[in-house]
Amino acid sequence: MHIFEGFLPSPWWQLWFVFSIPVIFFGIYRLNKLVAEKRELLPLLAVAGAFVFVLSSLKMPSVTGSSSHPTGTGMAAILFGPAIAAVLSTIVLLYQSIFLAHGGLTTLGANVASMGIIGPVAAYVIYKAGMKANINFYVVVFLAATFADWITYVVTSVELALAFPAEVGGFATSLKAFLLVFATTQVPLAIMEGALTALIFKYVIQVKSDALVELNVISESVLNKIKGANQ
């Protein structure tokens, strides 16, 4: 998925930086506030960042100029919100572009927009809506992580279609072609990521459930309900 260095022409790579930079700065503000007020949550923050790094490094061949892989951003978005997830994703994408040749520096804005911002926002919205609707916690986590992954690839398709409209049919034809490849082939990976994220949250519930309450991920009553169901 990470768009390679130099793959996006002007003005698209610059415009995606304009879109991403304000969100990253807001995320840095939220991250500094979190670290200052709740330093005991740093290990969980590190785990969320490592989860993004490991899953998004599982590079698999895809269409020209890109690749396919899980994203890992749904977990960070649920735990810390989409702004902090954007910061974690930016750190991971920057490291991967410099040291792993996975993505690029000029395309960093576009990659952050798809994987680090819009995907996590989708996860956060789905999670909040699902919990408000009293859907099972693990089902909601599964859906949030799955769609964070899948929507990342939908956005990447939009980015590529905007930059490379078809000679016949323009943006719509190009978008259809990119979606056919990305949105279809990503479905199994997205489902697997959703299931893995739900399993990790089950572990967190067992060993660090107080952190979820402290982060307002779940309430005490929901936590007691989940623990009661697990017994």
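Side-chain contact between Glu159 and Trp16: present, with at least one pair of heavy atoms (C-beta onward) separated by less than 4.5 Å. In this structure the side chain of Met131 never reaches within 4.5 angstrom of the side chain of Ser219, judged on heavy atoms. Leu45 is listed as a side-chain neighbour of Leu88, based on a closest heavy-atom distance under 4.5 Å. Using a 4.5 Å heavy-atom cutoff, the side chains of Trp12 and Leu162 are in contact. Side-chain contact between Val204 and Leu212 is present, with at least one heavy-atom pair separated by less than 4.5 Å. Between Trp150 and Leu189 there is no side-chain heavy-atom pair separated by less than 4.5 Å. No side-chain heavy atom of Ser89 sits under 4.5 Å from any side-chain heavy atom of Val112. When side chains are defined from C-beta on, Leu196 counts as touching Leu55, because their heavy atoms get closer than 4.5 Å.
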(request) Could you walk me through whether His69 and Met115 pass the side chain to side chain contact (heavy atoms under 4.5 Å, CB included) test, one step at a time? (result) CA-CA 11 Å; His69 55 76; Met115 193 184 95; 4.1 Å; yes
task = Step by step, work out the side chain to side chain contact (heavy atoms under 4.5 Å, CB included) result for Phe137 and Phe201.
result = CA-CA 9 Å; Phe137 172 73; Phe201 267 91; 3.8 Å; yes
Practice task
With side chain to side chain contact (heavy atoms under 4.5 Å, CB included) as the test, would you mind laying out the steps for Trp13 and Ile3 before giving the verdict?
Solution key: CA-CA 10 Å; Trp13 68 266; Ile3 302 174; over 6 Å; no
**Verdict with reasoning, Phe7 to Phe164, per ring-ring contact (aromatic ring centres under 6.0 Å, His included)** = CA-CA 10 Å; Phe7 194 74; Phe164 304 102; 5.2 Å; yes
Exercise for the section: Would you check, one step at a time, whether the test side chain to side chain contact (heavy atoms under 4.5 Å, CB included) holds for Val52 with Thr71? Expected result: CA-CA 6 Å; Val52 175; Thr71 65; over 6 Å; no
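No hydrogens or angles considered: a donor-acceptor pair under 3.5 Å links the side chains of Thr106 and Glu5. Side chains of Ser10 and Gln14: a donor on one and an acceptor on the other come within 3.5 Å.
Thr184 contributes no side-chain N or O that, together with a main-chain N or O of Val181, makes up a donor-acceptor pair within less than 3.5 Å. When atom types are taken as modelled, the side chain of Lys38 and the backbone of Glu214 share a donor-acceptor pair closer than 3.5 angstrom. Tyr127 contributes a side-chain N or O that, together with a main-chain N or O of Val217, makes up a donor-acceptor pair within less than 3.5 Å.
Checking each of Leu105, Leu108, Leu93 against Ile98 for a side-chain contact (heavy atoms from CB on, under 4.5 Å) leaves exactly one that passes, namely Leu105.
What you find for Ala123 and Ala77 is that their closest heavy atoms are CB-CB, 4.1 Å. Scanning both residues, Arg39 and Val35, for their nearest heavy atoms gives CG-O, 2.7 Å. For Gly74 against Glu193, the heavy-atom pair with the smallest separation is N-OE2, 4.5 Å. Val92 and Phe53 make their closest contact through CG1-CA, 3.7 Å (heavy atoms, listed as atom of the first residue, atom of the second, distance). The heavy-atom pair separating Gly103 from Asn111 by the smallest distance is CA-ND2, 4.1 Å.
Two different hydrophobic clusters hold Ile24 and Val18 under the rule that ILVMFWY side chains link at heavy-atom gaps under 4.5 Å. Under the 4.5 Å side-chain heavy-atom criterion for Ile, Leu, Val, Met, Phe, Trp and Tyr, Val154 and Leu180 are members of distinct hydrophobic clusters. At a threshold of 4.5 Å between side-chain heavy atoms, the hydrophobic network of Ile, Leu, Val, Met, Phe, Trp and Tyr places Leu223 and Ile135 in one connected group. The hydrophobic clustering, which links ILVMFWY residues whose side-chain heavy atoms are closer than 4.5 Å, places Phe142 and Leu199 apart. Placement of Tyr124 and Val222 in two distinct hydrophobic clusters is found when ILVMFWY residues are connected by side-chain heavy-atom separations under 4.5 Å, directly or transitively.
The 12-atom threshold is not exceeded at NZ of Lys33, counting heavy atoms of other residues, nucleotides or ligands nearer than 6.0 Å. Atom CZ of Phe25 has 12 or fewer heavy atoms from other residues, nucleotides or ligands within 6.0 Å. A 6.0 Å sphere centred on CD of Glu40 holds more than 12 heavy atoms belonging to other residues, nucleotides or ligands.
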